[in-house]
Amino acid sequence: MESIRGLKRTDFCGTLRLSDAGREVTLFGWAQRRRDLGNLIFIDLRDRTGVVQLSFNDRTDKGVFEKAQSVRSEYVLALKGVVKERESKNDDIPTGGIEVEVTELRIISKAQTPPFEISKTDSVGDETTLKYRYLALRNEKLTKNIIMRHKIARIAREYFYENGFIEIETPMMIKSTPEGARDYVVPSRIHNGKFYALPQSPQIYKQLLMVAGFDRYIQLARCFRDEDLRADRQPEFTQIDLEMSFVDTDDIMETAEGFIKKLMKETLDIDIPSPLPKMTYAEAMNSYGSDKPDTRFGMLIHDISDWADKTDFPVFRSAIDGGGSVRAIVAKNAAAVYTRKKIDKLTEYAKGIGAKGLAYIRWAEDAPACSFGKFLKDGEQEELLESLGAEKGDCVFIICGKTSLALSVLGALRLAIAKELDIIPSGKWNYLWITEMPFFEYDEESGEWVAMHHPFTMPLEECIPYLESDRASVRAKAFDLVLNGVELSSGSMRITDCALQNKMFELLGMEQDEIDAKFGFLVEAYKYAAPPHGGMGIGLDRLAMLICGAESLRDVTAFPKVQNASELMSGAPSAIDGIQLEELGIDISSKEE
């Protein structure tokens with residue numbers, strides 16, 4: 001193999017244009033494709049900026065031409081040549097107006113035949129592309145995604161630096177404290193039998209930085225949560241983490257909005273109007289059935305309990321008598337798509353996410369078809385359709401039962417139906433603040449009240465008097481940032497009164513010994529005076545996924561994990577040898593089948 005000695009890159013492949021014609025350039029890259037036409041050879045050379053065509057013809061030195069004939073896919077090449085205007089232009093690529101007529105060619109490294117064609121990675125199964133991730137990352141689409149992620153990180157740092165924030169690193173090995181998900185733990189060799197936890201977030205440390213006087217903190221923080229994975233979740237992720245002192249919620253949101261405006265302008269050249277719209281948690285749940293609503297389309301949820309209570313349908317009446325409600329959505333122009341067979345499938349989907357059934361009215365013909373019509377008195381169906389604004393061609397879908405369940409099921413159906421009808425507009429960027437989040441949520445399995453956000457969140461002042469008497473009504477000084485139905489960020493004002501913080505731990509079921517063991521250092525810190533402060537963490541991965549138009553976090557993560565939290569390329573996680581286990585004082589017993 002040859003070396004690059006004496007060569008110095010002058011340009012990147014994807015940056016050359018017709019204005020460069022006549023210039024001698026030195027390029028490095030990978031051979032994406034070779035086309036041998038006998039006395040004419042073309043090679044597409046690729047680097048991280050794009051592809052440029054190399055040409056070899058009857059004017060090319062014989063040795064250089066013969067070397068070009070030997071080039072195969074994914075060979076690493078170095079070359080000198082002159083930029084020429086192409087006779088047959090390719091308008092599909094930025095460099096399609098030119099080619100480089102090669103005068104010197106070096107084969108730096110040969111490649112065996114790849115397991116898949118790099119330019120067609122999208123058509124190859126995940127198992128293969130993730131095993132050979134270093135090859136998949138050569139694909140132009142994935143390369144652009146990773147570069148866009150870098151650009152987002154750079155813009156974040158620039159913006160927060162310009163606004164007086166200080167970047168501070170917090171520890172990666174910390175004390176295990178409950179934050180809502182399972183911890184990844186690290187055994188200690190020196191402190192045998194004890195464990196560090198990898199941080200689910202830098203939450204406690206950034207609050208302590210406020211106590212320490214660093215009133216504006218920023219960090220692109222790595223976070224770890226041992227959760228079941230999905231398209232928008234990875235076990236390790238990055239958040240743009242910030243905390244501010246001497247502020248209230250509006251100050252934090254205003255600061256975040258400034259970042260969003262700068263980001264959208266510099267990445268997509270889109271002007272985002274400000275201030276961003278706000279919606280309370282209660283409004284979001286009642287209208288959209290979700291605390292991260294996609295507001296790019298309508299199909300809002302309607303409360304039809306008063307109407308349903310007057311009917312003779314026992315299912316509706318039973319739900320209302322049990323303290324629940326009856327809710328509906330209207331799918332405009334859906335009757336042609338939602339045949340009886342498709343409605344049956346939709347019903348099974350609704351049952352799969354907790355509903356007991358799905359009532360419907362399908363208005364395809366002159367007379368609407370109603371699944372519960374025999375229980376309605378004259379005029380009741382017409383009254384409902386008129387109140388909902390339903391017309392011929394529409395479908396009405398109804399869920400009844402416990403209100404929280406009815407809303408969440410209809411929220412999921414709303415999204416599924418919108419995708420089926422293809423009514424979610426592209427090119428819209430609907431940012432939205434969700435405010436006044438509940439402090440507590442009731443865990444049906446354990447029968448206990450748990451913190452919806454985290455136990456350091458400040459309740460609204462007017463809610464403090466009924467912390468013990470009416471936990472369901474306690475709202476928090478918490479807020480989420482949502483984009484097109486995806487939660488990007490959670491934030492809140494923090495508790496800074498040591499007595500109130502201790503009280504919140506008690507209300508969440510902790511005994512004083514447990515509080516002292518897990519959070520004593522935080523409560524102790526507040527005894528030395530803490531400024532009012534709050535902050536948030538913006539998901540860098542999810543933000544990159546949306547800006548890139550990617551379908552999964554895998555598409556914006558260099559080396560992602562799959563659904564079972566393993567990494568196919570390296571084989572992580574893997575067993576460690578007995579000596580390491582012995583040093584850590586760990587005995588692994590195999591489970592019998």
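Here, residue 1 is the first one in the sequence, and each next residue gets the next number.
- Contact check for Ser201 versus Asp241: no side-chain heavy atoms found under the 4.5 Å cut-off.
- With sequence neighbours left out, the side chain to side chain contact (heavy atoms under 4.5 Å, CB included) criterion links Ser109 to Val76.
- For residues 47-66, the pairs satisfying salt bridge (charged side-chain N to carboxylate O under 4.0 Å, His left out) are Arg59-Glu101, with sequence neighbours left out.
- Listed by chain and number, the residues in a side chain to side chain contact (heavy atoms under 4.5 Å, CB included) with Ile301 are Arg327, Ile329, Leu407, Leu410 (sequence neighbours excluded).
- For Glu567 and Ser570, the side-chain atoms include at least one donor-acceptor pair closer than 3.5 Å.
- In this structure Asp291 satisfies the side chain to side chain donor-acceptor pair (under 3.5 Å) test with no other residue, sequence neighbours excluded.
- Residues that satisfy the side chain to side chain donor-acceptor pair (under 3.5 Å) test with Lys345, not counting sequence neighbours, are absent from this structure.
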* Starting from the C-alpha separation in whole Å, work towards a yes-or-no answer on ring pair (Phe, Tyr, Trp, His ring centres under 6.0 Å) for Phe397 and Tyr338. => CA-CA 11 Å; Phe397 297 105; Tyr338 277 94; 5.7 Å; yes

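- Annotation: Asp91, atom CG; neighbour count of heavy atoms from other residues, nucleotides and ligands within 6.0 Å does not exceed 12.
- Side chains of Thr347 and Tyr360 form no contact here, defined as non-hydrogen atoms less than 4.5 Å apart.
- Applying the side chain to side chain donor-acceptor pair (under 3.5 Å) rule to pairs touching residues 27-36 yields Gln32-Arg46, Arg34-Asp36, Arg35-Asp44, Arg35-Gln53, sequence neighbours excluded.
- Taking the side chain to side chain contact (heavy atoms under 4.5 Å, CB included) definition, one finds that Thr238 meets it with Arg149, Leu220, Arg222, Leu540, Asp541, sequence neighbours left out.
- Among residues two or more places apart in sequence or in another chain, the side chain to side chain donor-acceptor pair (under 3.5 Å) test is passed with Arg23 by Asp11, Asp20.
- The environment of Lys89 atom NZ is dense: over 12 non-hydrogen atoms of other residues, nucleotides or ligands sit within 6.0 angstrom.
- Partners of Ala78 under the side chain to side chain contact (heavy atoms under 4.5 Å, CB included) rule, at least two apart in sequence or in another chain, are Ile4, Leu7, Phe28, Arg106, Ile108.
- When the side chain to side chain donor-acceptor pair (under 3.5 Å) test is applied to Lys141, no partner is found at least two apart in sequence or on another chain.
- Counting heavy-atom neighbours within 6.0 Å of Glu162 CD, excluding the residue itself, gives a total above 12.
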For residues 151-158, which side-chain donor-acceptor pairs fall under 3.5 Å, sequence neighbours excluded?
unit_1 : atom_1 : unit_2 : atom_2 : d
Lys151 : NZ     : Glu266 : O      : 2.9
Arg154 : NH1    : Glu158 : OE1    : 3.3
Arg154 : NH1    : Glu158 : OE2    : 2.9
Arg157 : NE     : Glu167 : OE1    : 3.1
Arg157 : NE     : Glu167 : OE2    : 3.3
Arg157 : NH2    : Glu167 : OE2    : 2.9

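- The local environment of NZ in Lys131 is sparse, with at most 12 non-hydrogen atoms from other residues, nucleotides or ligands closer than 6.0 Å.
- Side chain to side chain, Thr170 and Gln219 meet the donor-acceptor criterion of an N or O pair below 3.5 Å.
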Ignoring hydrogens and angles, write down the donor-acceptor pairs under 3.5 Å from the side chains of residues 572-581, residues two or more places apart or on other chains.
unit_1 : atom_1 : unit_2 : atom_2 : d
Asp577 : OD1    : Ile579 : N      : 3.2
Asp577 : OD1    : Gln580 : N      : 2.9
Gln580 : OE1    : Asp577 : N      : 3.4

